[in-house]
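Notes to accompany the following structure.
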Amino acid sequence: QVQLVESGGGSVQAGGSLRLSCTASGGDLSRYDMGWFRQAPGKEREFVIAVSKSGGTTLYGDSVKGRFTISRDNAKNTVYLQMNSLKHEDTAVYYCAAVFNLFVSRRASAYDYWGQGTQVTVSS
């Protein structure tokens, strides 16, 4: 079973940048579509961004397009979430997820493997 571990969370000022990492073990990440989701207290889990196995397709959540990017380094079995122009409303626990699928998805239910989450706090 694929295991995912997020890192890189922390506290940043509004307008700043942060890069999250998600490293996999137990599987070759190049075979999986990868997504990032987030959840703030009292809110439903929200799709952030996802990338296909090949890197040829990227899906964006409406609130992050133009500010966040996703990349993958399959040699390191790692995907990254680069977050720029951070806003207070980006504050949440961020989760990475993986699925062996035919195509990348915005649906949380499509993903089989999840990390434990990492906290991102953006101060005004």
Side-chain angles (χ1 to χ4, degrees):
Q1 180 171 296
V2 175
Q3 297 180 3
L4 306 174
V5 178
E6 302 96 337
S7 62
S11 297
V12 297
Q13 295 289 322
S17 298
L18 196 65
R19 188 177 75 162
L20 307 183
S21 300
C22 176
T23 300
S25 62
D28 182 359
L29 217 58
S30 69
R31 302 177 66 186
Y32 293 83
D33 299 321
M34 299 296 302
W36 286 92
F37 295 78
R38 67 187 184 186
Q39 189 163 22
K43 304 292 184 180
E44 64 182 4
R45 187 165 295 186
E46 177 188 13
F47 172 75
V48 177
I49 197 168
V51 64
S52 62
K53 296 181 290 293
S54 67
T57 300
T58 301
L59 304 178
Y60 299 89
D62 290 341
S63 65
V64 305
K65 190 173 184 178
R67 299 188 298 121
F68 291 9
T69 57
I70 188 169
S71 62
R72 57 194 308 160
D73 186 342
N74 289 333
K76 295 182 178 180
N77 237 18
T78 299
V79 296
Y80 303 94
L81 176 61
Q82 179 66 47
M83 303 184 292
N84 299 322
S85 301
L86 282 162
K87 305 174 181 178
H88 177 69
E89 48 264 47
D90 294 320
T91 296
V93 177
Y94 283 72
Y95 301 89
C96 68
V99 61
F100 183 74
N101 207 354
L102 296 177
F103 46 79
V104 67
S105 177
R106 294 181 175 90
R107 301 184 301 275
S109 61
Y111 293 84
D112 295 319
Y113 307 104
W114 293 82
Q116 82 290 345
T118 186
Q119 177 71 47
V120 172
T121 302
V122 184
S123 59
S124 301

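When a residue number appears, it is its place in the shown sequence, counting from 1.
Rounded to the nearest 0.5 angstrom, R72 CZ and S52 OG are separated by 7.0 Å. To the nearest 0.5 angstrom, L18 atom CG is 4.0 Å from M83 atom CE. Atom CZ of R31 is separated from atom CG of N74 by 12.0 Å, given to the nearest 0.5 angstrom. Considering CG of L29 and OG1 of T23, their distance stands at 8.5 Å, rounded to 0.5 Å. Taking NZ of K65 as the reference point, atom OG of S63 lies at 12.5 Å (rounded to 0.5 Å).
In this structure, K53 contributes its side chain and N101 its backbone to a donor-acceptor pair below 3.5 Å. Checked by atom type and distance alone, the side chain of H88 pairs as donor or acceptor with a backbone atom of V122 at under 3.5 Å. Remark: side-chain polar atoms of Y60 are not paired, donor with acceptor, to backbone N or O of G66 under 3.5 angstrom. Under the 3.5 Å distance criterion, the side-chain polar atoms of N77 are matched with a main-chain donor or acceptor of G27.
Atom CD of E89 sits in a crowded spot, with more than 12 heavy atoms from other residues, nucleotides or ligands closer than 6.0 Å.
Residues F68 and L86 have side chains in contact (heavy-atom distance under 4.5 Å, counting atoms from C-beta outward). In this structure the side chain of W36 reaches within 4.5 angstrom of the side chain of V79, judged on heavy atoms. Counting only heavy atoms from C-beta outward, the side chains of Q116 and E6 approach each other to under 4.5 Å.
Follow the hydrophobic side-chain contacts under 4.5 Å out from Y95 and you never reach I49; the two are in separate clusters. Two different hydrophobic clusters hold V2 and V5 under the rule that ILVMFWY side chains link at heavy-atom gaps under 4.5 Å. In the hydrophobic cluster analysis, where Ile, Leu, Val, Met, Phe, Trp and Tyr join through side-chain heavy atoms closer than 4.5 angstrom, L81 is grouped apart from L59. By the criterion of side-chain heavy atoms lying less than 4.5 angstrom apart, applied directly or through intervening Ile, Leu, Val, Met, Phe, Trp or Tyr residues, V93 is not grouped with Y113; the two fall into different hydrophobic clusters.
Ring geometry, F37 versus W114: the interplanar angle falls from 30° to 60°, so the pair is classed tilted.
Smallest separation of non-hydrogen atoms from S17 and N84: OG-OD1, 2.8 Å. Of all heavy-atom pairs between A14 and S124, the closest is CB-CA, 4.2 Å. Counting all heavy atoms, side chain and backbone alike, A50 lies closest to Y111 at CB-OH, 3.5 Å. For the pair S105 and R107, the tightest heavy-atom approach, listed with the atom from each and the gap, is OG-N, 2.9 Å.
Residues forming a salt bridge (Lys or Arg N to Asp or Glu O under 4.0 Å) with E46 (at least two apart in sequence, or on another chain): R38.
The side-chain contact (heavy atoms from CB on, under 4.5 Å) with T78 is formed by just one residue from the set C96, S21, S7; it is S21.
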Walk me through whether V51 and V104 qualify under side-chain contact (heavy atoms from CB on, under 4.5 Å).
CA-CA 6 Å; V51 64; V104 67; 5.8 Å; no
Applying side-chain contact (heavy atoms from CB on, under 4.5 Å), run through D90 and V120 and close with a yes or a no.
CA-CA 8 Å; D90 294 320; V120 172; 5.6 Å; no
